[in-house]
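Reviewing the structure listed below.
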Amino acid sequence: MVSEFRNHPLTDFSKDENRQKMQTALEEVKGQFDRTYALYINGQEIETGDILKSYNPCKKGQVIGNFHKAGNGDVETAIAAGGKAFETWRFVEPSKRADYLFKAAEVMRRRQFELNAWMVYETGKNWVEADADTAEAIDFIEFYAREMLLYAEKQPITPIAGEENEMIYIPLGVGAIIPPWNFPLAILAGMSMAAIVSGNCILLKPASDSPTIGQKFVEIMQEVGLPAGVLNYIPGSGSVIGDTIVTHPKIRFITFTGSTEVGLRINELAAKPQKGQIWIKRVVAEMGGKNAIIVDGEANLDEAVEGVASSAFGYQGQKCSACSRAIVDESLYDEFLEKLVERTKKITMGEVENSDNFMGAMINKAALEKTLKYIESGKKDGRLVHGGEAGPDSGYFVQPTIIADLDSKDQLAQEEVFAPLLAVIKARDFDHALEIANDTEFGLTGAVYSENPDKLKKARTIYHAGNLYLNRKCTGAFVGSHPFGGFNMSGTDSKAGGRDYLLLFLQAKTISQKV
Ligand code: NDP
């Protein structure tokens with residue numbers, strides 16, 4: 001009997017014991033830097049000789065790992081391996097498939113501090129953010145394993161005389177999993193395991209900025225004995241092998257999380273049937289956001305300031321759910337800005353190996369340069385009230401930046417930057433604030449701070465976001481409690497960590513027998 005799903009607890013780093021464990025893990029992981037890893041296809045390690053390097057964004061030039069890169073030929077090999085494995089994997093009992101997940105979650109719990117440490121170094125997450133990522137990965141795995149058990153049960157169907165009818169869920173085939181670097185374990189593991197537990201075989205192409213975390217996930221799946229060919233790991237450049245994967249006639253589905261630009265390209269390419277293709281490809285694409293927090297005239301100002309600061313600057317603003325717009329009622333606009341600037345001044349920045357630092361570096365040079373360009377354009381349209389410059393040159397640091405007095409149509413109020421860069425916009429009243437909040441092509445997360453229940457009620461219906469939060473920050477969704485996914489250009493609203501998610505990896509078959 002499987003217990004009810006519960007979220008994995010976050011580590012309390014105020015306890016000496018936990019701090020010590022994390023420190024030890026950081027030291028141990030550091031001793032494993034600069035290793036070289038092969039592709040993993042059909043249970044075999046394959047070396048291509050073409051190397052991708054992964055770096056610590058907080059310490060320029062520090063190599064975390066070297067990866068043999070997949071080319072287009074390797075994609076062919078991986079798809080063939082997945083196709084062969086699918087012939088047996090799809091018939092493995094769902095409960096047995098779920099067991100691999102339960103075992104993997106167990107290994108992750110055991111290796112939690114080590115996984116956290118890899119994320120600190122490879123993606124610039126502070127200890128708490130890295131720990132939350134590992135916890136979320138464990139949650140996804142535990143949650144989807146249980147969900148598969150439910151989908152494997154007898155499904156309700158209306159009886160009719162003279163027939164015995166049933167509807168069963170079967171897997172789709174070989175799919176591609178293409179995750180981003182910003183939740184390098186949680187999203188990667190969540191998308192992969194949902195596909196696998198449903199009976200599919202996958203090609204997993206990690207983001208080029210975080211292949212080591214993907215590698216650790218693959219090692220865990222090797223440790224729990226997942227059969228060869230079910231999971232094929234093919235690090236490589238999205239711009240080189242992406243189209244080959246997406247357009248391949250034997251690919252049945254593509255599960256993507258990343259930028260809107262790439263998501264739309266995948267959607268478009270996948271829609272065109274290729275020679276020999278006998279299905280319509282299924283695309284799940286979770287993409288960007290321009291998430292807003294409304295601070296109403298009747299808000300608890302201190303709580304709103306805290307919520308905005310933590311949603312805007314946590315993990316350097318590099319969360320799809322991050323707050324990049326604060327829409328503030330004119331009655332408390334000046335006071336809000338003053339308090340927000342005071343709060344932001346307290347943010348510490350530097351190498352996140354050191355737990356005193358709240359903010360680390362941006363993921364890479366391109367991200368830093370893009371951010372600085374947006375700051376310049378924001379300064380022309382609005383008023384810089386905090387930050388605005390790059391941080392120490394030892395890494396890709398940028399100061400937490402606030403630009404006020406922007407108009408809803410300004411570039412910085414419309415385009416996703418994916419950085420610690422907050423646009424502040426003044427609203428005449430609550431209706432105007434809602435109008436501004438919805439004045440975007442995106443619709444991922446949003447929040448409202450107000451003590452007025454009527455306004456909160458109105459926001460429930462009018463605010464168009466896949467994940468709406470009332471009187472709390474707009475980041476930090478928990479698996480099971482906050483099924484996650486966005487509207488409009490934010491994606492297909494797949495609701496990761498929710499009850500419907502596995503249906504995206506399954507198809508229903510109805511069987512009727514005359515009796
Ligand atoms: P990208 O779109 O740049 O990359 C995402 C993945 O797509 C990477 O693995 C990348 O590989 C791959 N890729 C790139 N080009 C192609 C291509 N032509 N065909 C197929 N795959 C390709 O996004 P980021 O990694 O920079 O992630 C940040 C973005 O992700 C933000 O926009 C953020 O909002 C979004 N996001 C959305 C979430 C949601 O739930 N809605 C959650 C988390 C992030 P490579 O690295 O090799 O280029």
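Both ligands and their constituent atoms are indexed starting at 1 by order of listing. All residue numbers refer to positions in the sequence shown, counting from 1.
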Applying side chain to side chain donor-acceptor pair (under 3.5 Å) to Asn116 and not counting sequence neighbours gives Asp131, Thr134
Side chains of Glu353 and Tyr121: is there a donor and an acceptor less than 3.5 Å apart? yes
Between Gln414 and Thr440: side-chain donor-acceptor atoms closer than 3.5 Å: no
With sequence neighbours left out, the residues meeting salt bridge (charged side-chain N to carboxylate O under 4.0 Å, His left out) with Lys69 are none
Short side-chain donor-acceptor distance under 3.5 Å, Ser494 and Glu286
yes
Which pairs of nitrogen or oxygen atoms, taken one from ligand 1 and one from the protein, are under 3.5 angstrom apart?
| from | atom 1 | to | atom 2 | distance (Å) |
| --- | --- | --- | --- | --- |
| ligand 1 | 2 (O) | Ser259 | N | 2.8 |
| ligand 1 | 2 (O) | Ser259 | OG | 2.6 |
| ligand 1 | 9 (O) | Pro179 | O | 2.9 |
| ligand 1 | 11 (O) | Lys205 | NZ | 3.0 |
| ligand 1 | 23 (O) | Ser259 | N | 3.3 |
| ligand 1 | 25 (O) | Trp181 | NE1 | 3.2 |
| ligand 1 | 26 (O) | Trp181 | NE1 | 3.0 |
| ligand 1 | 30 (O) | Gly258 | O | 3.2 |
| ligand 1 | 32 (O) | Glu416 | OE1 | 2.7 |
| ligand 1 | 34 (O) | Glu416 | OE2 | 2.7 |
| ligand 1 | 41 (N) | Met287 | N | 3.3 |
| ligand 1 | 41 (N) | Met287 | O | 2.8 |
| ligand 1 | 46 (O) | Ser208 | N | 2.8 |
| ligand 1 | 47 (O) | Lys205 | NZ | 3.0 |
| ligand 1 | 47 (O) | Ser208 | OG | 2.5 |
| ligand 1 | 47 (O) | Gly236 | O | 3.4 |
| ligand 1 | 47 (O) | Gly238 | N | 2.8 |

The complete set of side-chain hydrogen bond (donor to acceptor under 3.5 Å, both in side chains) pairs with one or both residues in residues 247-256, sequence neighbours excluded, reads Glu76-His248
